[in-house]
J.: 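Here you go, one structure.
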Amino acid sequence: MKKSYDKLASLFKRKGYIWGPSPEIYEGGVAGFYDLGPLGTMLWRKVADTVRMNYFEHSFYEITAPLIMPKKVWEASGHLGGFTDPLIKCIKCGSVYRTDKLITGLFPKEEVDGLTYKEYDEKIEKLGIKCLKCKMQLSRTVPQDMMLKTTIGLDKEAYLRPETATTTYLPFKRYYEFFRRKLPFGVFQLGKAFRNEISPRHGLIRTREFNQAEAQLFIFKGDKNKWEAWSEFKDAELNLYSCKLQGRGLRKPKQVLLKDAVKNKLLQSKAYAACLGICYKIVLDLGFNPKRLRFRQHFPNERAFYALDAWDIEWHSDFFGWVELAGVHDRCDYDLKQHAKFSGQDLRVLNNGRKEVPHILEIAFGIERLVYCLLEQCYDEEKERTVLRLPPHMAPITIMVFPLLNKDKIPEKAKEVEDFLLEEDFYAEYDGTGSIGRRYRRADEAGTPFCITIDHQTLEDDSVTVRDRDSMKQLRVKISELPEFIEMAVSGEIDF
Ligand SMILES: [Zn+2]
């Protein structure tokens, strides 16, 4: 059955995952801003925590920096003036479009990554693209600044951060002391960033306010083949879609072991390859289907001029094609050198007696994209029901508790079971409304993996039925054994 995006989006709205654009009651909201409802927020938190734990397990510590920084910071980072989107305008009615999105919106098969502005205009002309509203000719593509401006105090010009990374680099000297003057070390931030997109689209995939989880590894250039995380990932096999493969028009990526990718110089260092490995592990931990994933290398003209290499992990959406979930970047020594220059501070540190500016390797995730893509992947329509097959460990509510009948002390017993599970730190919720079949459907649509039903037998022998969302099969379990049973069921160790 072909899925429809509208059906998907309306389910996510109805079940309290994604609302908006916000604020909905004022003129239908502003494009690029969304509310996460109760279940959306719980899922968001699980996604964020999965990324967070993985970073921490690979020796990245979390920090928190301000969202607003003075103008000078953004001049140093290159965002002011250099951080732009390709914008095209109708010469008659003045409608504005983002050139690349306009092209791919009308011609999904067209490749627009890495094109110059002139090449955009050539494509617009070749494809005969006109204004969508009045069918008149479009102007030339021009750069549009994406920074959101604000004022500190009376007149100090400042900007909301367009990424967390820059604000992570600034306390570099503090990290150096915290990590007892030993490189490499890693730091990350999980927090908001803002981009004044021209035409934000595709729901949570491209918004004006979003959360990033960006990890930065500070490492000396000469040590890039000596990072300890490498040993964990050298045998990992990734679906790599190099520039070379893309350029030859061979549409298929190749499965490559990371150790071979480093040996063949497809990836330039072991530390960088390990960052790809960490990125991949996170995406798998979140429950993404490996068959819909690929790492796509940026073309040299697509990545920042200072970057040595850049790969995106992309997931294939039924509605939007390949969507970037994260980028892995070798940023060289550019950032710290820029901030040293603009701040007048020496950001070199000692490496074997010589002063040196370290390199930075970055893993950059967008959290809301992960939330949307995971929801899309898990959405399933069957003959009888719509079901959100979220991996049990990611589902906002793990267990629904139902009384089979609303009499004979069955509801009281069911409430008791709910309390017991809450006390055991499970996300459990009681539902006694409507037929039992309806309650199952509601739980299926919300993505809740397990439903417990309390019936007359429960009153006799303290056993309940546990129903599995995916197989719809039931098993009878003693209440006292529920915590262990559910934990095993969440990790997939129970065969329903
Ligand atoms: Zn027009």
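Atoms within each ligand, like the ligands themselves, are counted from 1 in listed order. No hydrogens, no waters, no symmetry mates; every other heavy atom, side chains included, goes into these values. What you are looking at is a predicted structure, and each value in this text was computed from that prediction instead of being measured.
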J.: For residues S22 and D35, is any side-chain donor paired with an opposing acceptor at under 3.5 Å?
T.: yes
J.: Roughly how far, to the nearest 0.5 Å, is CD1 of I219 from CG of D333?
T.: 13.5 Å
J.: Check for me: within less than 2.8 Å of the Zn ion (ligand 1), which protein N/O/S atoms show up?
T.: C90 SG, C93 SG, C131 SG, C134 SG
J.: Please report the interatomic distance NZ(K337) to OH(Y306), rounded to the nearest 0.5 Å.
T.: 14.0 Å
J.: For E62 and Y55, does a side-chain donor sit closer than 3.5 Å to a side-chain acceptor?
T.: no
J.: Rounded to the nearest 0.5 Å, what separates atom CG in D100 from atom CD in E110?
T.: 12.5 Å
J.: Describe, in one word, how the ring planes of F218 and Y175 are oriented to each other, choosing from parallel (under 30°), tilted (30 to 60°) and perpendicular (over 60°).
T.: tilted
